[in-house]
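Position 1 is the first residue of the sequence, and the numbers go up from there.
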Amino acid sequence: MIRRPKPTDSEADLLQEQERFLASGTPSTVNVVRRPDKRSGDSEGAQGDQRDVVTIQDLPDELPTLTPAPSKKSRLKVERVRFEDEDPEERLDRHDTHISAVLSKIIERDTSTTPVSLPAFTGLAFPKLWIHTQTIPLNYRSIFARQIAAQRLKEGKTPLYFAPESRGFSAMAGPRLVSGQGLGGSDSTVETLKIHQENQGKLQAMSKGEILEEQKRLLGQLDPRLVDFVRSRKAQGALASAPQPSNSQDERRREQRLQETVMIGAKKPEQNPLEEDLPVKPQKEWVHMDKLEPEKLEWIRDLPAPRRKGTKQAMQARFDFAGTLIPPTEDLPTHLGLHHHGEEPELAGYSLQELFLLSRSQVIQQRSLALNTLAHILTKARAGEFAAALRGSVVSTLLDAGLLFLLRFSLDDNVEGVMSAAVHALRALLVSSDDEDCLDSTLSWFHGLASFPLLPTAQEEEDEEDEGLPEVMRETAQEKEEKKTDHDVARKDVVKGLLRMKLLPRLRYILEVIRPSPRVVQDVLGVLIRIARHSSSAATQVLDCPRLMETVMLEFLPCSWTVPASPTPQSAYGLPVANAMKLLRVLATTGRHACARLLNSLGARERLSRLLAPEPSELLLEPEEALRVSTEAYRLWAVAASYGQACNLYTDLYPILVRVLQSAHRPWRPSDPLLPLELHRLQALLTLLTQVTHTAGCHQELQAGLVSSQGAECPPPPLVTWGHVTGLQPTMLGLLKGCVRTLGEPVQRESTLRLVKSLAKSFLLLIFTNLVCQPFQSSFNPVECLQELEMLTSEVLLPLLSHEAHGATSMVIYSLTADSAVCNPQSCCPGPETIPSLPGLHCAGWTSAGGVPGPNSPFPLITSLCYLLDTLTSIHRGLVRKFRSLLLIEAVLGYLRGCAQAKPTLSHWVLRHEHHLLYLLLRLVPTDPEVAKHAALFHHVSLVMLPWLLPGSEYLAHELMATMVFNKDFIPEGQIGGPEAAEMSELQLQERSSPPLQTLGPLLREACVQLPSVRGCYLSHLAHMEPSVLSSRDFHLGRTPWLNTQLLPELSGPSLPSDWPFLPLVSLYERAGAPDGGGLQVESLPAGAVQSVTHCLQWLLLLEVWREDALRVVLPVAKLARLACIFLCSSDLFMERPVQRLTWALFRLLTRPSQLEALDLNSPPTGLASFNDLYSALVGQFEAVSFGDPLFGCVILLPLQRRFSVTMRLTLFGEHVGLLRSLGVTLEQLAIPMERFTSPPEDSLPLLRLYFRALVTGTLRLCWCPVLYVVALSHLNTFIFSQDAASQVQSTSQVLRSHLLLFRLPQKDAELGFNTYDQLPPIRQRRLESVLGTQGMSDSKGE
């Protein structure tokens, strides 16, 4: 039988096998077929090809050649091999390399008859290892090694493997380094052995000392890399030989001697460490401890105590799993699991960097642990617990490190535990529990339903690409936003960045598909609430997210549910959730259309009926959760009623509402744990009734408008009428009387004070709403209304105010100053964890401590009472005197004085509620002699309050301007000799004998007479705010059908600028002058401009004289910049007589010593890049149109004082030196002391050169510019007698030389404006002679 060829066969073997095959005559299993070549006419092999051939007549077999070139032949076709009996299908299957073809050929082995043996059970912990006990001979070689050796011998080559003859090293063994590869001839191996034997003989003949000495010599001479190579070869040889341990003492000695001599530089084997040095003592029973690894065992050693560093340098913060900061010196036990193999293993806890690293671990538990720890850290950081211990912001550091993207990636984790931890951390980042509690606590206050959007402060970005392009070609804001990356968007706005990263679809998937635990559901709802508070656009995205709100309504606000089996259900699905109803309420707050979508499209109307019809105890829920759900349902209904929606439910559920309202008569137990929740529910009901009353009060107006509109667009009248709410008034009065009666009982006063403060404000607001809407109804009876008001005053209001002796009302009033955010601006300052990209309400600690929204805040009760008193006195003017005692209480007057002296606070949302109270206190001020004593205080408070009002309070600003700010009754100084007193005080302040150019008395008297015209001027300049004022009016008056949203405008700052008294000047400059500070754009002023500027200057003069503290928020440099608009907006406005008189008076007030000290021209005023640019424009305008006007000249000279920047003096003497001829302001006209221009001496050499050049060339003369002439003389005189050279003196004129040398001091009364020496003092004479003499000697030497 012919064997198959093997890979080891050589060419001779293959030829020998071929000859044997041919000699045997066995037929071949394959046949070589050669295809005929049609191009060469070869017909051989055509018979073997049995393929079908189609022939066509008159068609040649060969295609005609298009070119005379010879045809090409295929070499591959001739060499192709084909078998005769080959099946094409088999050939395709054989060449098919697809995986399906490979898998289809796999045949499973039949194991049905194979016996299965189970392992025997033993008492050992681990199976016993099988040990190969067969002794392997020393000369044992594997089959493969023997085949290779045989083949090499057959080829005449030396085998690669030599079996050792003995276990030790002998002199006859082959060399390890010398291979004999470079020797020629066939006996290279013999020569190699001879060399090796000679080396061994030399080594044996040498002593041990000689060997060591020769070893040192070789190591010193050889290349270190060669030595390393020799050592590596020796180590490899030692591993290959691996000698077995021998019992023969002679062999051990021989091996030891060879190791000392032959192994040149070999390392000695490391000795095993002693067991005493190991952290643990190994036991024989321990698995895999037969080979000790000391380096790894070091981790088991006890940790050293934390290092007590004596340095004050900052250390890395470490936290435990609860997010608590661990002090670096605290020694915690290791069983807590806070020690790990980090950079500092002795310190317990995890740093933020280590937590980030752990959150990307492949171990699920580590990822969950890291995310939960980050959530705890964020919660404590947002609460301000790390403010005193850590430097910088933890939240800002985490966001900069990429926390937002880490949480977003973790939300996509397929492990539910990791996803839940990510949701919890996201809620800790976005949601502040204190902020939510504060907003919920103020919801029942006056206008408490409204809230500010939590938007980051808008920052203008300079786009260099759009500079110089026309407006049409510039990119829109939306296009710029689309170009930004997710990182850029999230860096400026965290919520917008999350929305861009598709957070809402992922949250929908978590709620709908994963169906997590109740805690995760609460976290997701909290995140959605925070997103909805961001802005109306974010709330719209929540509503538009596919199936998100449908899932919330279906799963967490069902219309029917079963009783949970346990008090703490394992799933929140299928049960009403209070936070889900709160989400609907926050979404409804963003706009009328969003609320309509919730009520009509998503089924919120049916949920309100289902949840409010039964009592909370009948909702088959836990008592606390049932009360929360009912409270949130009332709040949602109140928001809908504030738009005039869902009013049909009022008529359907009216009996239930009255029953709940009457339950307030029952006695309350202060120890009841459900009492706070029941009070919140009752307050929510009263808020709902207040909004329904507002809506019903507009029904008659809308009905009349619909009739008279004649097809024009008009809001439809609501479904609730005034008759539906008239029955609430007696119930409200009865409840309020009961509260007031209870306050008079000392035994129950302490227990019921909290109840009265919680409910009385809501009762008062509801009664106030009824009184406001009642006069506009057709059923209004004035006589009955006045009688009801007198009864309300005598039975409710006066007893409520007369409880000062009992301390109930007085306690509330006397705490106004302590809890005020205006008087205590530090209480509403942003915390250390405030981030611009994630704004909050800054309510940390207010829920448990004092403050405006605190639990014991006096503001809701006092504000509601003042609203009711304001409405009552506006209807019944005879009751005004009965309530004046409220304004004369010392606590109220002290509170108003504190507000008048308070510094401007930051724009904080809670200030809106305090502004309401201040506004109402000012509205209650009557024209009474006793109250008139404090009229100046009330007027001062109204002035400082105007620039504090936040967006949404434009109506309050308009009312203050229209009724109080420009009311002469609140400016008593203008009626009792105030102008004369101001004139006398000005005369006393003059430091000269000559009278002032303009006295203040006549100007102030004229300003007081013109106050109505001044008010009209300012109101006309605020006409651009009319849409905001109308919207704010509808909001404050409760005109619900015209209200579009409960979301206030963005909290970007006050509604009025702090420099609003200068508004007519700035407005005129923007219309008539060039905003860039250049030339004029128009030739003539707008109509009425002179009158408008005159009224503005009159008002400014009145404020500067009598209300100077009200303008302290405007810096003196800003005042000067605003007054400069008078000179820049026109070429002759400052020459108008009334304008010039008033400007002169204001300029003298602005240059008083106290104002001059506070003037700082180095800090740019608001709206300007620098004062230098404004001064350049002023100098250019003076040079062009001033005609030497003294007033304009004084304004030009004011910034040239020595303490201000030298740039402005260089600008005048370098670029505009020509105006010195027309700057003829005398020293008497200048109201600024000359010492401010001449002291200290000038140290700018370029300016001194300009001074000297102007004097020498005659540009600066005493008759043209006396002030600057004196200034230049003073500085040059000081410079001459303090420097080493004065060559300029020789070339001056005789008069100028006399002035320069004999100048003494500036003196306004002197003829020249300065005093001179009769002759030079001796010291100056000697100094001048030495300088001039030295200069003369140098000149003579030069000649």
Side-chain angles (χ1 to χ4, degrees), residues 438-439 441-452 642 683 687 690-691 694 757 760-762 764-769 771-772 812-813 815-817 819-823 828 841 851-854 857-874 883 886-887 892 895-896 898-900 902 905 907-925 938 941-942 944-965 1028-1029 1031-1039 1043 1046 1048-1049 1051 1054-1056:
C438 285
L439 287 175
S441 64
T442 58
L443 202 68
S444 59
W445 294 15
F446 183 72
H447 297 314
L449 294 177
S451 62
F452 288 101
S642 67
Q683 290 172 1
T687 304
T690 302
Q691 299 300 328
H694 276 301
K757 290 173 62 177
K761 66 176 185 299
S762 302
L764 293 172
L765 284 178
L766 187 53
I767 296 174
F768 151 74
T769 305
L771 292 177
V772 167
V812 177
I813 296 177
S815 61
L816 282 174
T817 305
D819 294 336
S820 170
V822 174
C823 299
C828 56
L841 301 179
V852 177
S857 174
F859 289 94
L861 178 60
I862 302 300
T863 303
S864 304
L865 179 62
C866 290
Y867 261 111
L868 181 59
L869 294 180
D870 179 42
T871 306
L872 188 145
T873 53
S874 62
F883 300 111
L886 177 64
L887 295 174
V892 176
Y895 169 66
L896 292 177
C899 293
T905 57
S907 298
H908 198 279
W909 71 277
V910 79
L911 293 174
R912 181 172 66 94
H913 298 288
E914 190 165 357
H915 294 163
H916 290 163
L917 176 60
L918 288 173
Y919 168 75
L920 292 171
L921 288 175
L922 297 178
R923 290 268 300 177
L924 288 175
V925 176
F938 298 139
V941 173
S942 67
V944 299
M945 180 183 170
L946 270 180
W948 292 349
L949 293 176
L950 301 178
S953 302
E954 292 82 4
Y955 174 71
L956 303 184
H958 180 273
E959 288 297 306
L960 285 177
M961 284 189 171
T963 59
M964 175 165 284
V965 173
S1028 300
V1029 173
S1031 176
S1032 177
R1033 183 196 63 181
D1034 295 338
F1035 173 73
H1036 281 84
L1037 297 182
R1039 296 167 57 85
L1043 194 62
Q1046 288 285 353
L1048 296 172
L1051 188 58
S1055 56
L1056 284 178

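For the atom pair CD of Glu959 and CG of Leu922, the computed distance is 12.5 Å after rounding to the nearest 0.5 Å. Taking CG of Leu956 as the reference point, atom NE2 of His1036 lies at 4.0 Å (rounded to 0.5 Å). Taking CD of Gln691 as the reference point, atom CG of Leu766 lies at 10.5 Å (rounded to 0.5 Å). One finds the CG atom of Leu861 at 10.0 Å from the CG atom of Leu765 (value rounded to the nearest 0.5 Å). Distance check, rounded to the nearest 0.5 Å: OH of Tyr919 to CG of Leu924 gives 10.5 Å. Expressed to the nearest 0.5 Å, how far CG of Leu950 lies from CG of Leu1048 amounts to 9.0 Å.
The two residues Ser942 and Val965 have their closest heavy-atom pair at OG-CG2, 4.1 Å. Residues Trp948 and Ala902 come closest through the heavy atom pair CZ2-O, 3.9 Å. Residues Ser1055 and Glu954 share a closest heavy-atom pair of CB-OE2, 3.9 Å. Of all heavy-atom pairs spanning Thr871 and Leu771, the tightest one is CG2-CB, 3.9 Å. Of all heavy-atom pairs spanning Val892 and Leu886, the tightest one is CG2-O, 3.4 Å. Nearest heavy-atom pair across Leu917 and Cys866 is CD1-SG, 4.0 Å.
Legend: residues meeting side-chain hydrogen bond (donor to acceptor under 3.5 Å, both in side chains) with Tyr895, ordered by chain and number and at least two apart, are Glu914. A search for ring-ring contact (aromatic ring centres under 6.0 Å, His included) contacts involving Phe1035 returns His447, not counting sequence neighbours.
Of the possible polar contacts, none joining the Ser1032 side chain to the Ser1028 backbone as a donor-acceptor pair under 3.5 Å is found.
Using a 4.5 Å heavy-atom cutoff, the side chains of Leu443 and Thr687 are not in contact. Put simply, the side chain of Pro951 reaches to within 4.5 Å of the side chain of Leu1051, judged on heavy atoms. For the pair Tyr867 and Val772, the minimum side-chain heavy-atom distance is 4.5 Å or more. The closest side-chain heavy-atom distance from Leu841 to Cys438 is not below 4.5 Å. Side-chain contact between Leu1056 and Met961 is present, with at least one heavy-atom pair separated by less than 4.5 Å. In this structure, the side chains of Gln1046 and Ser642 come closer than 4.5 Å at one or more pairs of heavy atoms. Residues Trp445 and His916 form no side-chain contact, since every pair of their non-hydrogen atoms from C-beta on lies 4.5 Å or further apart. Annotation: side chain of Val822 is not in contact with side chain of Met945 (no heavy-atom distance under 4.5 Å).
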Determine whether Leu896 and Leu918 satisfy the following criterion, side-chain contact (heavy atoms from CB on, under 4.5 Å), listing intermediate values before the conclusion.
CA-CA 8 Å; Leu896 292 177; Leu918 288 173; 3.9 Å; yes
